[in-house]
Amino acid sequence: MSIPEIHDIFVIGGGINGCGIARDAAGRGYSVYLAEMSDLASGTSSYSTKLIHGGLRYLEHYEFRLVREALMEREVLWRNAPHIIWPMRFVLPYAKGLRPAWLIRLGLFLYDHIGGRKLLPATRTLDMRSDAAGKPLKPMFLRAFEYSDGWVNDARLVVLNARDAADRGAVIRTRTKVTSARRDNGHWNILVEDLRSGQIEEVKARLIVNAAGPWIDHVLTETVGQNNVHNVRLVQGSHIVVAKKFDDPRAYFFQNKDGRIIFAIPYEEDFTLIGTTDQDYDGDPRQAKISQAEIDYLCNAASEYFAEPVRPEHIVWTYSGVRPLYDDGASKAQEATRDYVLKSEGRDGHAPIVNIFGGKITTYRRLAESMLEIIEKHLGKKGKSWTATAALPGGEFEATAFDTEVVKLKAAYPFLDMRLARRLTRLYGTRAKALLGLARSETDLGRNFGADLYEAEVRYLADNEWAVTAEDVLWRRTKRGLKLGKEQAASLDEFMHGISPGVHNAAAE
């Protein structure tokens, strides 16, 4: 496909919002160029609690529109990507002296009824003395409420949106930094630098979408040339991962004495994910890392509930991300709105820029639709909205048919053990067959880097999903980093430096 002289839309940022907008716009017929200065989902989008949820606690802050929109999206996204998104039941133990039972029941009643729930089961009350969910907890928790939400592999959600955008004609450039953007004759002249080669390229576009996340104000001041910009409140959220604390497939929702909540969630089969914290952040978002105070907070909060305490020495991995929340003046970080705000600048013939503040993974698709409404006003309407019923790559099967897909993959490739067949289906869905190709034995998959991560999978990720380094593969595309040692990771990194760069836009160039 030839690249147009002037693109309709230039997207800055390869997180969930940028990639979601690029996908939606490309599918409607707009020409799109997206630049990400690092790897896809290398910022906030891969540091979430990995939930597709309405946000039960947001009801306390009267964010009914946000909660309703998010609840309505749960089943839409599940149907669109049943390989990387699936339902999860959450157990909320009743704790005396915290939120009263009547308030929890009211919140869960609203949760069940305002979001158009169809496939997800309703709330129920548990007797923790007889229910398996009570086994890992202290015996003082006699009653709990169980409700539905969803789980998402957040980094893969980003990459699959980018892959679909590229398949529909968008240009996706990673490791590409926008160095300047200036208006000229009703359009933008944008300079981008390939951070691997040092090559500078000029790109022209009619409209810019600033989806830079925590760097949004930096883009406005340093790249676009605006002064005195302060739109976002940076809030750090940290998580810890420990060896599996319980065998039950359900997750836990724990209330804390300070009014906050944390989750304890089954993670990557052998682990438990615990988080998150909320604290204001001042510094370079790339340097965010968990503090000792956050470690102590999460360990202590979880230990209030688990019979076996969670201690710092149990931690196998931590991650911290910076959320770019819209600065609404809230006094506490946890009270700042998670809703998104879109602001358009550029009138009377001036090329427009539309900035994205806030947002959450669950509502990324609706945010993209809202952005397209703004783009249509500036550039004219092209195609209709379409993403509500369109599967993401690999998700072309019924929402409830995941286990059937695993069986199909195992039947097509009998040499796979069931655990690997399940993992590949979870990550790639129906595209697992494209990854495995004509393989008839493990030997055909090439080198095993450890933890069933074979050369065939690594090459697939480099050729189709913009993976360049071992970190891209181990911590964003697969999470095999939890299983591989340092020497194995170094061996993979050396291998990846020796292979040619991926086919960045296989369908678009």
Side-chain angles (χ1 to χ4, degrees), residues 16 20 48-94 99 101-126 131 133 143-154 157 248-255 261 263-266 337-340 359-370 385-392 395-404 426 429:
I16 188 58
S48 75
T49 311
K50 313 191 189 303
L51 300 180
I52 295 294
H53 67 141
L56 183 60
R57 69 185 181 91
Y58 304 146
L59 291 173
E60 292 184 313
H61 302 299
Y62 308 108
E63 298 211 46
F64 297 112
R65 189 211 66 79
L66 172 63
V67 173
R68 183 172 185 272
E69 181 174 277
L71 288 171
M72 292 174 69
E73 281 296 284
R74 293 179 306 177
E75 294 191 15
V76 172
L77 297 181
W78 177 23
R79 288 193 299 268
N80 287 355
H83 48 331
I84 61 166
I85 295 172
W86 61 93
M88 186 171 281
R89 295 289 277 174
F90 288 77
V91 176
L92 196 171
Y94 173 66
R99 293 168 179 85
W102 68 264
L103 182 62
I104 295 173
R105 286 197 196 95
L106 175 60
L108 290 171
F109 176 83
L110 291 172
Y111 215 67
D112 273 349
H113 290 91
I114 66 173
R117 178 181 55 83
K118 294 178 181 177
L119 295 176
L120 296 171
T123 298
R124 66 187 186 117
T125 302
L126 304 179
D131 193 283
R143 184 170 39 145
F145 304 93
E146 181 183 307
Y147 68 94
S148 293
D149 260 327
W151 170 265
V152 61
N153 187 324
D154 53 6
L157 182 67
D248 200 289
R250 291 171 289 185
Y252 291 95
F253 177 118
F254 294 149
Q255 303 180 75
I261 61 96
F263 294 98
I265 305 170
T337 182
R338 267 56 176 176
D339 209 346
Y340 55 82
K360 55 202 295 281
I361 280 182
T362 308
T363 53
Y364 90 90
R365 193 195 64 81
R366 292 292 296 272
L367 183 153
E369 289 186 331
S370 297
S385 62
W386 61 279
T387 57
T389 56
L392 282 163
E396 301 87 357
F397 56 94
E398 292 296 319
T400 56
F402 174 79
D403 289 335
T404 302
R426 269 287 174 230

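Starting from 1, each residue takes its place in the sequence as its number.
- With hydrogens and angles disregarded, a donor-acceptor distance shorter than 3.5 Å links the side chain of Arg68 to the backbone of Ile114.
- Note that the CZ atom of Arg79 and the CD atom of Glu398 stand 9.5 Å from one another [nearest 0.5 Å].
- Using a 4.5 Å heavy-atom threshold, the side chains of Tyr111 and Tyr147 count as touching.
- Closest non-hydrogen pair, Ala133 versus Val91, comes out as CB-CG2, 4.0 Å.
- Put simply, CD1 on Ile84 and NZ on Lys50 are 11.5 Å apart, with the number rounded to the nearest 0.5 Å.
- Geometric assessment of Arg65 against the ring of Tyr58 yields a negative cation-pi assignment under the 6.0 Å and 45° thresholds.
- The backbone N or O of Ala399 lies less than 3.5 Å from a partner atom in the side chain of Trp78, making a donor-acceptor pair.
- Side-chain atoms of Arg74 come within 3.5 Å of backbone N or O of Ser148 as a donor-acceptor pair.
- Rounded to the nearest 0.5 angstrom, Arg89 CZ and Asp248 CG are separated by 11.5 Å.
- Proximity of Thr362 to Leu51: side-chain heavy atoms (C-beta onward) are nowhere separated by under 4.5 Å.
- The shortest distance between side-chain heavy atoms of Phe254 and Phe263 does not fall below 4.5 Å.
- In this structure, His113 NE2 and Leu71 CG are separated by 12.0 Å, a value rounded to the nearest 0.5 Å.
- Looking at Asn153 and Arg426, their side chains never come closer than 4.5 Å, going by heavy atoms from C-beta outward.
- In summary, Lys118 and Glu75 do not engage in a salt bridge, as defined by a charged side-chain N under 4.0 Å from a carboxylate O.
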Worked check of side-chain contact (heavy atoms from CB on, under 4.5 Å) between Met88 and Ile265: CA-CA 9 Å; Met88 186 171 281; Ile265 305 170; 3.7 Å; yes
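- With a 4.5 Å cut-off on side-chain heavy atoms, Leu77 and Val152 do not count as touching.
- Other residues, nucleotides and ligands contribute only 12 or fewer heavy atoms inside 6.0 Å of the CZ atom of Phe109.
- Cation-pi contact between Arg250 and Phe145: absent, since separation from the ring centre below 6.0 Å together with deviation from the ring axis within 45° is not met.
- Side-chain atoms of Leu66 and Thr363, non-hydrogen and from C-beta on, do get closer than 4.5 Å to each other.
- In this structure, Arg99 CZ and Glu60 CD are separated by 4.0 Å, a value rounded to the nearest 0.5 Å.
- For the pair Ala144 and Pro93, the tightest heavy-atom approach, listed with the atom from each and the gap, is CB-CA, 3.7 Å.
- For the pair Pro87 and Leu120, the tightest heavy-atom approach, listed with the atom from each and the gap, is CB-CD2, 3.6 Å.
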- prompt: Would Leu92 and Leu56 count as a side-chain contact (heavy atoms from CB on, under 4.5 Å) if you check the C-alpha gap in whole Å, the side-chain angles of each, and the deciding distance to 0.1 Å?
  reply: CA-CA 11 Å; Leu92 196 171; Leu56 183 60; 4.0 Å; yes
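- Pairing each heavy atom of Ala101 with each of Tyr94, the nearest pair is N-CE1, 3.7 Å.
- Under the 3.5 Å distance criterion, the side-chain polar atoms of Asp112 are left unmatched by any main-chain donor or acceptor of Ala122.
- Cation-pi geometry between Arg57 and Phe90 is not met at under 6.0 angstrom from the ring centre and within 45 degrees of the axis.
- With rounding to the nearest 0.5 Å, the separation of CG in Leu367 from CD1 in Ile16 is 10.0 Å.
- Residues Phe402 and Phe397 meet the side-chain proximity criterion, which asks for heavy atoms closer than 4.5 Å.
- Nearest heavy atoms, Leu392 versus Ala81: CD1-CB, 3.9 Å.
- Taking both residues in full, the closest heavy atoms of Ala70 and Lys360 are given as CB-NZ, 4.1 Å, listed atom of the first, atom of the second, then distance.
- Contact of the Ile52 side chain with the Trp151 side chain is not registered, since no non-hydrogen atoms from C-beta on lie closer than 4.5 Å.
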